[in-house]
Structures are given as C-alpha cells and as structure tokens.
> 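Okay, here's the structure, questions in a sec.
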Amino acid sequence: MEEVLYKSTRSRKEPVKASEAILKGLSEDGGLFVPDHIPALDKSLAAFSKMNYQETAYEVMKLYLTDFTEEELKNCIAKAYDEKFDTEAIAPLTEAEGAYYLELFHGATIAFKDMALSILPHLMTTAAKKNHVKDEIVILTATSGDTGKAALAGFAGVEGTRIIVFYPKNGVSPIQEKQMVTQKGSNTYVVGITGNFDDAQTGVKRLFGDRELEKELAEAGFRFSSANSINIGRLVPQIVYYVYAYARLLAEGRITEGENINVVVPTGNFGNILAAFYAKNMGLPIGRLICASNDNKVLYDFFATGTYDRNREFVLTSSPSMDILISSNLERLIYRIAGNDEEKTAELMAALSSGGKYEITQQMREALSDFYGNYAGEEETAAAIKKLYTDCGYVIDTHTAVASAVYGKYKTDTQDMTKTVIASTASPYKFTRSVMDAMGEGSSDMDDFALADALSGLSGVAVPAAVEEIRTAPVLHNHVCDKEEMKEVVKKFLGV
C-alpha cells in the first residue's frame, strides 16, 4: 500500500507521517495538513456492502493512516465504535420524504462530532507512543457547540492528555452548554468567552502560533494539539460514514453498484462536506455535493460569486453549530482547486486574515462544479422541521432542517432526482426549544428538559442518555473570560 504523507497547505515544509500530523494538529506555518495524494478505495463497492461499520472504518482509514499498523488501527476502531453508540449500525439511514437521512448522532454526545471524536483520543495516544512523545498533550479546542462536548467526552480521563475547550458564552444552546459545563474529569477545563465562535477559533489558532508560549509549555512538559476539524485525525474518520452510507444503500437494493448519489451537508466549518469531497475523490460514486448554510451564508456567497468575505453581520440562529464566518476547512479545498499550490493558498489566507476576504480565480471556480451552495433562513428551517414531522412523523434537529430545506431548493433549481443522502448531524434533543417551537408544540414556561420529555411523547423516541445524565448534574466549570485573556487562562490551568 502506497504511503500517504501530509503536507502543509501554506508552505513546502518537509511532509510528515500521519501520526505526526495528528499529534501536531496544525502546521508550524499556520497551514492545515493535507494528504500528498488522495488514495483510491481498494475494495469494491459490493465488498463494502457486506461490511459492518467497524470493518468499513478500517478499510477506509488504513489508506490514509499508513504508518499505523493493522493492529494499532483496529484497536483504535474497536475502542471507539462500541457500546457508546446506542445502535449497532453506528450510523443508520432513515428514509423520509424521498431522501435518506444519515443519522450521525447515536454516540455519547448525540452529535456527528462523536463519529470522529470517539476515535481521535485513541489515534492521538497511539501516535504519541509511536513518536516517543513524553510530553503531556494539551488539546486546545474552540467549539460552536458540539465539538466541545464530544472532545471532552473523548479525552476525559485519557492518560497523558489534558483538554481545554473555549466556547462562545451566549452562542450555544442551553443543552449544549449544560453538556460541557457538567463534564467530569480532572484533565478537563471548559471556558466561556465573551465573543462569538470565530473569536474563539481565531484565539485558539493564535495560541498555536505563539512560539514563546510553545517554548514555555515545552519547558513545563506540555505540547499543544487540536481536536477541531483542523486536525487530520478528525477529518479521516468522517470520510468513513459516506462510504458506509453508500454501501448500506447498495446492500438494501436502494441503488445499483456504481450508481451516483448526491450528498447534502449542513455546513459551518466545512469539515463534514470536505470529508464527502474526499470520499468522492477516492472513487465513491457521489454526484453533487450540496452545501447547506444558515443565515450566516458566507459559503453560499462564496460558491455563488467566487469571493469569500467574512466582513458581515454575525447572526445568532437556531442552528448555532453553523454560526461561523471563517470556515477553517475550506482552506483544504482551496489548496486542492489551486492545483495544490501552497503559495497561492498562503496568499489567499493572508488576505482573509488582513482584510477579511479573498477572491479565487476563474480556473479555481471551474474546479468547484461538483458543489452546489444554498441557504435556509430561520422561517424556512422551522418549516422544514414541521413539514417532515407532519408528513412522516420524523423529527429532525435545526441543522438537519437547514440541509432538508436546501435540498428542496436544489431539486427545484435543478430538477435533479438523483437518490440523495442528507447528513443528519445532531439529535433534535440538543435543540428541543427550537424544534418544539417549529412543530407548534413549544411553551415558554417549560425548561429544556421538560421540553425534551414532551418531545419524547410526540416522537415516540426515548430521551437520550446524553440528556438524561445532565438533567440534574452539577455545574463543574463556570469559567468565563474575554477573548484577549485566553492565553492567561491556558497558562493558569496548566500551572505554567
């Protein structure tokens, strides 16, 4: 099997092995690690249709993580995809209104981030051993709501690691916040910042690039890594579920081998749809990649105009995990459509950093023909939830509803009736108030847990354990800081 090495999107630094890229998280030059080539699937689609999730994960991930032994990788997979998930299928498909909803929320924190963050701690600790790392690994992460809890759950109690999560204090749902601030584990630290997600993400990237801080930490026996989707160890496991979804449709006779499917992904930081793009480039028969945005429609505007411009009002919506104006993972796509040109990528990212915008060339725009972008406003999102519930009795969360609404627009615009998988990225129980209001069943005098009980009665789906366990859990983290204070907060937690 051909070795895959990882290069920075911004310079011609010496490429590194997969385990090194996972440990570093971000390249020293601020770029993201990308594979030096996208490997082709080496099993037939028919063969994949006979595999369970764990077997599919091994066959996909071994192609990217080429310096992990078979035993190491299978051990990581076995520890990740176990009884933490409430279904043996791990990522089941549900058909509703002519589309297939890929339910990515059956893990410990009821959001799609579990799919990658269940395995990342095991990949990281294995990578540390392989590279003879003696320092304690400090996971530094910004979250728009879901990554934080999934990362905390994954790394809590993992020997040789600590995790610090920054989230926008008033920019996540009550359930999301309660999930994070009740997190147990002496190696966990949760901090609300007075700012939005982009402030948190920019602050974390700045800490990664702070060479003086890096030196101080090294002297104290610490090194930073990331659990955000900027880490290639987050992205690779996400490719798996697109291959698995295709294989399930094939196994059930819904499609024939080689038949194209479309994929719709509600998109904020761009990692989840980028994983689908990588799957397509590995040979998975995906036609269109449909990028669904909420009112923070910076990606929709980018696909429509070729200009990425974050200079706009930041809108707080009912789909907070997508309330993002700087889509970090888009950089990996920019690098690819620029012909793997690190100088061009660095130039565009510098323009984004200094002026908040960049424009791609006509040639680069032509390389985006696989993508379709659109967005759904708040009323359209609520209407999508109500329609699916009224017509099918199927309840979706606000982020999935953005995707569902955009898929409706896509069909109207293109008349394309290709069979379609919609990435269902979170349980409706994470956003009970918005979901119940959309269904016309909400009440302002009920708290989010009472609303969860009411939703359970309507949907016939039990309240997930992830919600039950935080209902009466004590708050263990009540730290809040200004965005300028993030460095001091990190040093204080680590005792540096």
Side-chain angles (χ1 to χ4, degrees), residues 32 99 101-102 104-105 111-113 115-116 142-147 171 196-198 201 228-230 234-235 238-239 241-242 245 262-280 286-310 312 314-334 336-337 352 360 368 370-378 380-381 384 396-410 413 420-426 430-431:
L32 307 191
Y101 287 80
L102 178 62
L104 301 172
F105 52 77
F112 82 100
K113 308 290 171 76
M115 302 301 295
T143 184
S144 56
D146 287 336
T147 286
N196 59 40
F197 170 71
D198 288 331
Q201 181 168 252
N228 276 74
S229 52
I230 55 176
R234 262 282 300 273
L235 190 63
Q238 291 181 270
I239 300 168
Y241 46 72
Y242 293 108
N262 290 335
V263 172
V264 190
V265 187
T267 309
N269 223 7
F270 207 75
N272 204 6
I273 196 164
L274 183 72
F277 174 78
Y278 275 30
K280 177 180 168 80
I286 293 175
R288 300 301 296 279
L289 296 153
I290 300 164
C291 178
S293 300
N294 65 15
D295 276 324
N296 292 290
K297 55 189 180 69
V298 64
L299 286 165
Y300 164 67
D301 291 339
F302 169 70
F303 285 117
T305 66
T307 298
Y308 192 96
D309 186 356
R310 67 172 172 84
R312 61 184 70 208
F314 185 94
V315 186
L316 289 173
T317 73
S318 61
S319 46
S321 299
M322 295 157 64
D323 291 347
I324 293 172
L325 295 181
I326 305 171
S327 303
S328 282
N329 265 293
L330 187 62
E331 181 171 341
R332 287 186 166 113
L333 181 66
I334 294 295
R336 174 109 179 153
I337 62 173
L352 180 65
I360 61 172
L368 293 174
D370 290 342
F371 288 89
Y372 167 93
N374 216 319
Y375 76 101
E378 290 291 87
E380 293 169 309
T381 302
I396 55 174
D397 91 294
T398 46
H399 303 74
T400 309
V402 169
S404 183
V406 165
Y407 178 51
K409 292 183 179 187
Y410 171 79
D413 285 354
T420 296
V421 167
I422 295 176
S424 185
T425 52
K430 278 201 118 155
F431 306 95

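Only this structure's heavy atoms are used, side chains among them; waters, hydrogens and symmetry mates stay out.
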> For the atom pair CG (Asn329) and CZ (Arg234), what is the distance rounded to the nearest 0.5 Å?
8.5 Å
> For the residue pair Tyr372 and Asn262, establish whether any side-chain heavy-atom pair is separated by less than 4.5 Å.
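Not touching, per the 4.5 Å side-chain cut-off.
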> Would you name the heavy atoms of Ser321 and Asp146 that are closest together and state the gap between them?
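Heavy atoms of Ser321 and Asp146 come nearest at OG-OD2, 3.3 Å.
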> May I ask you to test the Thr425-Thr400 pair for a side-chain heavy-atom distance under 4.5 Å?
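Counting from C-beta outward, Thr425 and Thr400 do come under 4.5 Å.
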> As an exercise, state the distance from CD of Glu380 to OH of Tyr375, rounded to the nearest 0.5 Å.
7.0 Å
> Check step by step if side chain to side chain contact (heavy atoms under 4.5 Å, CB included) holds for Glu378 and Thr317.
CA-CA 7 Å; Glu378 290 291 87; Thr317 73; 3.4 Å; yes
> Are any non-hydrogen side-chain atoms of Phe302 and Leu330 less than 4.5 angstrom apart?
yes
> Taking all non-hydrogen atoms of both residues, which atom of Asn269 and which atom of Phe197 are closest, and how far apart?
ND2-CZ, 4.2 Å
> Under 4.5 Å between any side-chain heavy atoms of Tyr242 and Asn272, yes or no?
yes
> Search all heavy atoms of Ile326 against all heavy atoms of Gln201 and return the closest pair with its distance.
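That would be O-NE2, 3.0 Å.
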> Quick one: pull up OH in Tyr101 and CD1 in Ile422 and give me the separation to the nearest 0.5 Å.
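So the OH of Tyr101 and the CD1 of Ile422 are separated by 3.5 Å.
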> Taking the six-membered ring of Phe303, is the NZ or CZ of Lys297 close enough (under 6.0 Å from the centre) and on axis enough (within 45°)?
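Not flagged: Lys297 not positioned over aromatic ring of Phe303.
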> Measure centre to centre between the rings of Phe371 and Phe277, then say whether the value is under 6.0 Å.
yes
> Using the rule given for side chain to side chain contact (heavy atoms under 4.5 Å, CB included), can you reason through Leu289 versus Val265, listing the C-alpha separation, both sets of side-chain angles and the distance that settles it, and then say yes or no?
CA-CA 8 Å; Leu289 296 153; Val265 187; over 6 Å; no
> Side chain to side chain contact (heavy atoms under 4.5 Å, CB included) between Tyr308 and Leu299: does it pass, once the steps are laid out?
CA-CA 7 Å; Tyr308 192 96; Leu299 286 165; 4.1 Å; yes
> Check whether any side-chain heavy atom of Asn228 lies under 4.5 Å from a side-chain heavy atom of Ser328, and answer yes or no.
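Asn228 vs Ser328: side chains apart.
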> Of all heavy-atom pairs between Val406 and Ala376, which one has the smallest distance, and what is that distance?
CG2-N, 4.0 Å
> Starting at CG of Asn294, measure out to OG1 of Thr267 and round the result to the nearest 0.5 Å.
10.0 Å
> Find the distance between OH (Tyr278) and CD1 (Ile239) and round it off to the nearest 0.5 Å.
7.5 Å
> Under 3.5 Å, side chain of Asn296 to main-chain N/O of Leu325, donor-acceptor pair present?
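It does not hold such a pair.
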> Using 0.5 Å steps for rounding, measure from the CD1 atom of Ile324 to the OG atom of Ser293.
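These two atoms lie 10.5 Å from each other.
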> Would you check if Val263 and Lys280 make a side-chain contact, meaning some heavy-atom pair closer than 4.5 Å?
no
> Are any side-chain N or O atoms of Arg332 and backbone N or O atoms of Ile230, one a donor and one an acceptor, separated by less than 3.5 Å?
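Indeed, once roles are kept as given, a pair shorter than 3.5 Å links the two residues.
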> What verdict does the side chain to side chain contact (heavy atoms under 4.5 Å, CB included) test give for Leu274 and Leu235, after you've listed the backbone C-alpha separation in whole Å, the side-chain angles of each residue and the deciding distance to 0.1 Å?
CA-CA 8 Å; Leu274 183 72; Leu235 190 63; 3.6 Å; yes
> State, with a plain yes or no, whether a side-chain heavy atom of His399 is found less than 4.5 Å away from one of Lys430.
no
> What closest approach, in Å, do Leu368 and Ile360 show between heavy atoms, and which atom pair accounts for it?
CD1-CD1, 3.8 Å
> Check whether any side-chain heavy atom of Asp301 lies under 4.5 Å from a side-chain heavy atom of Asp309, and answer yes or no.
no
> Give a yes or no answer on whether the side chain of Thr398 reaches the backbone of Ser318 with a donor-acceptor pair at less than 3.5 Å.
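Indeed, once roles are kept as given, a pair shorter than 3.5 Å links the two residues.
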> Where do Ser319 and Val402 come nearest, in terms of heavy atoms and distance?
OG-CG2, 3.9 Å
